[in-house]
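In what follows, a structure is listed as structure tokens, so that the remarks can point back to it.
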Amino acid sequence: NRILAAVLGGDTLARRSEGAVGGGYLASQKFSEARGSNLRLAVNTDYSKRTATYSKNGRQTRVEAVNYRIADSASMPYLFLRQPLPQTPITIAATDGNSTKEFIMKPSDDMVQIGKDQVAAVHLTREFRHGDDAALDLWLRREDGMPLRLRVGLDEKYGVVLEQKLRELPPIAK
């Protein structure tokens with residue numbers, strides 16, 4: 001919290017994701033990040049035209065070709081909610097508002113402690129690529145794909161690891 005407060009300088013950070021579900025997979029159509037009342041980053045994806053249009057501070061910065069459905073940093077933890085969980089490595093394309101990156105995620109079995117409960121989970125770990133410092137770990141409840149924990153490691157660049165953990169176990173998503 002102190003690190004985020006130092007970076008944001010007292011402002012708030014809000015991320016918004018809009019999309020559709022097709023073929024059992026979430027597809028981001030509009031993603032935005034605002035700091036305070038200022039819209040900082042925005043991505044509009046038009047799958048019929050196969051383009052993603054990026055903007056920063058209200059000005060278009062570039063248009064990128066899109067050859068597959070993409071997630072965004074707000075929706076990515078929910079990609080497998082009520083969907084079959086990966087059993088072999090999977091590639092996920094996701095945007096953070098600046099660009100689209102591909103993540104190769106390797107699954108493994110794990111247990112996650114939430115309160116007093118031990119929950120069976122699938123742990124997805126990002127395969128490290130040379131020159132890329134962002135680590136990503138996502139724990140999904142085995143029963144329904146509910147995200148239980150998320151860790152983003154920005155060690156090399158910023159010396160920071162951000163981690164989200166649930167305090168209470170939500171009901172099974174049906």
Side-chain angles (χ1 to χ4, degrees), residues 1 4 12-35 39-54 66-128 134-154 161-174:
N1 288 345
L4 282 176
T12 59
L13 173 68
R15 288 186 172 150
R16 181 180 174 121
S17 176
E18 296 178 37
V21 176
Y25 186 88
L26 290 171
S28 178
Q29 293 171 319
K30 293 181 181 182
F31 171 74
S32 62
E33 179 181 290
R35 292 193 181 174
L39 179 63
R40 185 171 171 268
L41 301 171
V43 181
N44 291 308
T45 306
D46 185 333
Y47 292 100
S48 64
K49 294 181 181 176
R50 296 184 170 265
T51 58
T53 304
Y54 287 81
V66 173
N67 297 316
Y68 32 73
R69 291 176 289 190
I70 61 173
D72 55 56
S73 55
S75 67
M76 188 171 159
Y78 299 93
L79 286 178
F80 300 101
L81 184 62
R82 296 177 35 210
Q83 301 301 318
L85 298 178
Q87 297 178 8
T88 59
I90 185 169
T91 301
I92 299 170
T95 182
D96 61 358
N98 288 307
S99 64
T100 300
K101 293 184 171 94
E102 290 185 8
F103 299 87
I104 298 172
M105 304 295 289
K106 293 183 176 182
S108 62
D109 292 329
D110 205 347
M111 297 294 287
V112 175
Q113 175 103 25
I114 299 185
K116 295 179 182 179
D117 297 314
Q118 285 282 348
V119 182
V122 171
H123 178 188
L124 299 178
T125 304
R126 182 178 184 198
E127 182 180 281
F128 183 78
L136 178 63
D137 289 275
L138 177 62
W139 288 263
L140 306 168
R141 182 166 49 194
R142 182 162 290 289
E143 292 174 273
D144 62 356
M146 173 67 72
L148 300 172
R149 189 172 172 194
L150 174 69
R151 182 185 308 137
V152 180
L154 303 169
V161 175
L162 303 172
E163 190 163 5
Q164 277 184 310
K165 296 180 182 179
L166 292 180
R167 291 184 185 180
E168 292 181 24
L169 193 59
I172 304 295
K174 296 183 180 191

The reported gap from OG in Ser75 to CD in Gln29 (rounded to nearest 0.5 angstrom) is 10.5 Å

What verdict does the side chain to side chain contact (heavy atoms under 4.5 Å, CB included) test give for Ile114 and Trp139, after you've listed the backbone C-alpha separation in whole Å, the side-chain angles of each residue and the deciding distance to 0.1 Å? CA-CA 12 Å; Ile114 299 185; Trp139 288 263; over 6 Å; no

Smallest separation among heavy atoms of Leu140 and Pro77, with atom names: CD2-O, 3.8 Å

Give me the atom names and distance for the closest heavy-atom approach of Tyr47 to Ile70. OH-N, 3.2 Å

Can you tell me how far apart CZ (Arg82) and CD1 (Ile172) are? Round to the nearest 0.5 Å. 12.5 Å

Taking all non-hydrogen atoms of both residues into account, name the closest pair between Ala52 and Val43 and its distance. CB-CG1, 4.2 Å

When rounded to the nearest 0.5 angstrom, what distance separates CD1 in Ile92 from CE in Met76? 4.5 Å

Interatomic distance, Glu18 atom CD to Asn44 atom CG [nearest 0.5 angstrom]: 9.0 Å

Which heavy atom in Ala74 sits nearest to a heavy atom in Ser17, and how many Å separate them? CB-CB, 3.8 Å

On a heavy-atom basis, the closest approach of Lys101 and Ser99 is NZ-OG, 3.6 Å

Verdict with reasoning, Tyr54 to Thr100, per side-chain hydrogen bond (donor to acceptor under 3.5 Å, both in side chains): CA-CA 10 Å; Tyr54 287 81; Thr100 300; 2.4 Å; yes

Shortest non-hydrogen contact from Asp72 to Ser28? OD2-OG, 2.6 Å

CD1 on Ile90 to CD on Glu127, rounded to 0.5 Å: 13.5 Å

Under 3.5 Å, is there a donor-acceptor pair between the side chain of Gln118 and the main chain of Ala120? no

Flag side-chain contact, heavy atom, 4.5 Å: Tyr68 against Thr91: no

Got a donor-acceptor contact below 3.5 angstrom from the Arg69 side chain to the Leu26 backbone? no

What donor-acceptor contacts under 3.5 angstrom involve side-chain atoms of residues 144-151, with partners at least two apart or in another chain?
residue, atom, partner, partner atom, Å
Asp144, OD1, Arg141, NE, 2.9
Asp144, OD1, Met146, N, 3.1
Asp144, OD2, Arg141, NH2, 2.8
Asp144, OD2, Ala173, N, 2.7
Arg149, NE, Glu163, OE2, 2.7
Arg149, NH2, Glu163, OE2, 2.6

State whether the number of non-hydrogen atoms from other residues, nucleotides or ligands found under 6.0 Å of Gln87 atom CD is greater than 12. no

For Asp137 and Thr125, test the side chains for any donor-to-acceptor distance below 3.5 angstrom and give the result as yes or no. yes

Kindly compute the distance separating CZ (Arg126) from CD (Glu102), expressed to the nearest 0.5 Å. 10.0 Å

